[in-house]
There are 2 protein chains.
Amino acid sequence: MGGKCWPGARGERWRMADAVLFEFLHTEMVAELWAPDPDPGSGGKKKSLSVLEGLGFRVGQALGERLPRETLAVREELDALKFLCKDLWAAMFQKHMDGLRTNHQGTYVLQDNSFPLLIPMGSGPQYLEEAPKFLAFTCGLLCGALHTLGFQSLVTASVASLPACKFQVVIQKS
Amino acid sequence: MGGKCWPGARGERWRMADAVLFEFLHTEMVAELWAPDPDPGSGGKKKSLSVLEGLGFRVGQALGERLPRETLAVREELDALKFLCKDLWAAMFQKHMDGLRTNHQGTYVLQDNSFPLLIPMGSGPQYLEEAPKFLAFTCGLLCGALHTLGFQSLVTASVASLPACKFQVVIQKS
């Protein structure tokens with residue numbers, strides 16, 4: 001995890017990325033939304049996933065609205081996806097996405113070999129079923145950022161081996 | 001709001017602090033927790049405030065655990081408070097607290113003349129009653145960071161004129 005240096009008490013330096021603040025807040029927010037639902041019939045887990053996706057979508061839109069006008073004028077799908085993989089990922093996680101593949105028919109697979117929001121949860125296969133709750137916010141965020149760039153999309157995520165993951169983006173043609 | 005530069009598509013630069021990500025996520029989290037409660041008898045608002053405080057406390061603890069050992073060995077209350085006002089505030093908001101006063105009996109008042117998490121909500125007096133929900137997370141966070149430094153505290157916040165606010169910290173003697 002990348003760190004930046006902040007001046008610390010008495011002159012020493014406190015290595016801490018403000019990105020860490022986002023990551024901690026994300027982790028705690030997931031834990032909070034996953035707290036036992038008092039009403040087992042209310043579809044709690046499914047609801048929590050869609051709440052996280054919705055939060056992510058609005059944050060993605062808000063980030064998108066901060067884009068320079070040139071970026072907002074992106075007209076090519078592929079340019080928009082490259083923007084997510086490079087610029088958005090750098091702003092969020094201080095690194096680039098590790099891979100981007102496409103079938104040239106509107107489907108894109110974005111690969112992160114060590115997704116920072118999955119790192120806190122451990123890496124054994126027993127954690128695999130816990131992964132979706134750590135991915136829902138970012139699926140929504142990618143979808144929200146694409147929305148601001150003028151593309152409607154469906155974004156899903158999958159994990160084969162923690163903490164690597166893939167985001168699949170399907171652009172919706174109007 | 002301070003911004004940092006990230007390399008943008010095609011060489012232009014996208015001004016965006018990753019701090020903005022934390023601020024957007026905080027804003028959306030508050031909105032989510034404040035969504036209309038289906039059960040009006042459940043004390044929704046009070047519960048949401050304590051959920052936000054609890055989230056803040058755990059994030060404050062987690063941040064505290066990243067401190068260098070020298071800082072964790074802080075033994076003087078006043079040093080701990082100065083640490084919050086300078087280092088913690090710099091890591092979170094890229095600035096220092098504007099003022100710190102104390103009665104030298106365990107009560108401290110920390111003044112921020114333009115608290116970043118209050119800025120999104122507008123500054124008219126009609127917004128004043130909305131302010132507590134934008135302060136609860138940070139009250140918890142200060143309390144959590146102090147906990148890691150070895151001090152038990154009660155932290156409350158007040159607003160007289162948006163977006164300025166004061167945090168009052170009362171150290172609990174054991």
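Note on naming: letters A, B, ... go to the chains in the order of the sequence lines (proteins, then strands), and numbering restarts at 1 for each one. Side chains included, hydrogens not; waters and symmetry mates left out as well; all remaining heavy atoms used.
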Q: How about A:Arg66 and B:Phe24: do any of their side-chain heavy atoms sit closer than 4.5 Å?
A: yes
Q: Mind checking what makes ring-ring contact (aromatic ring centres under 6.0 Å, His included) contact with B:Tyr108, not counting sequence neighbours?
A: none
Q: Considering only distance and modelled atom types, tabulate donor-acceptor pairs under 3.5 Å from the side chains of residues 129-139 of chain A, sequence neighbours left out.
A:
residue  : atom : partner  : partner atom : Å
A:Glu130 : OE1  : A:Lys133 : NZ           : 2.7

Q: Locate the shortest heavy-atom distance separating A:Val59 from B:Glu28; write the atom from each residue and the value.
A: CG2-CG, 3.7 Å
Q: Answer yes or no: is there a side-chain heavy-atom contact under 4.5 Å between B:Glu32 and A:Arg58?
A: yes
Q: Should B:Tyr127 and B:Val159 be counted in the same cluster of Ile, Leu, Val, Met, Phe, Trp and Tyr side chains packed under 4.5 Å apart?
A: yes
Q: Check each of A:Leu21, A:Leu25, A:Leu141 against B:Leu25 using the side chain to side chain contact (heavy atoms under 4.5 Å, CB included) test, and report the only one that passes.
A: A:Leu25
Q: Should the heavy atoms of other residues, nucleotides or ligands under 6.0 Å from NZ of B:Lys95 be counted, would the total exceed 12?
A: yes
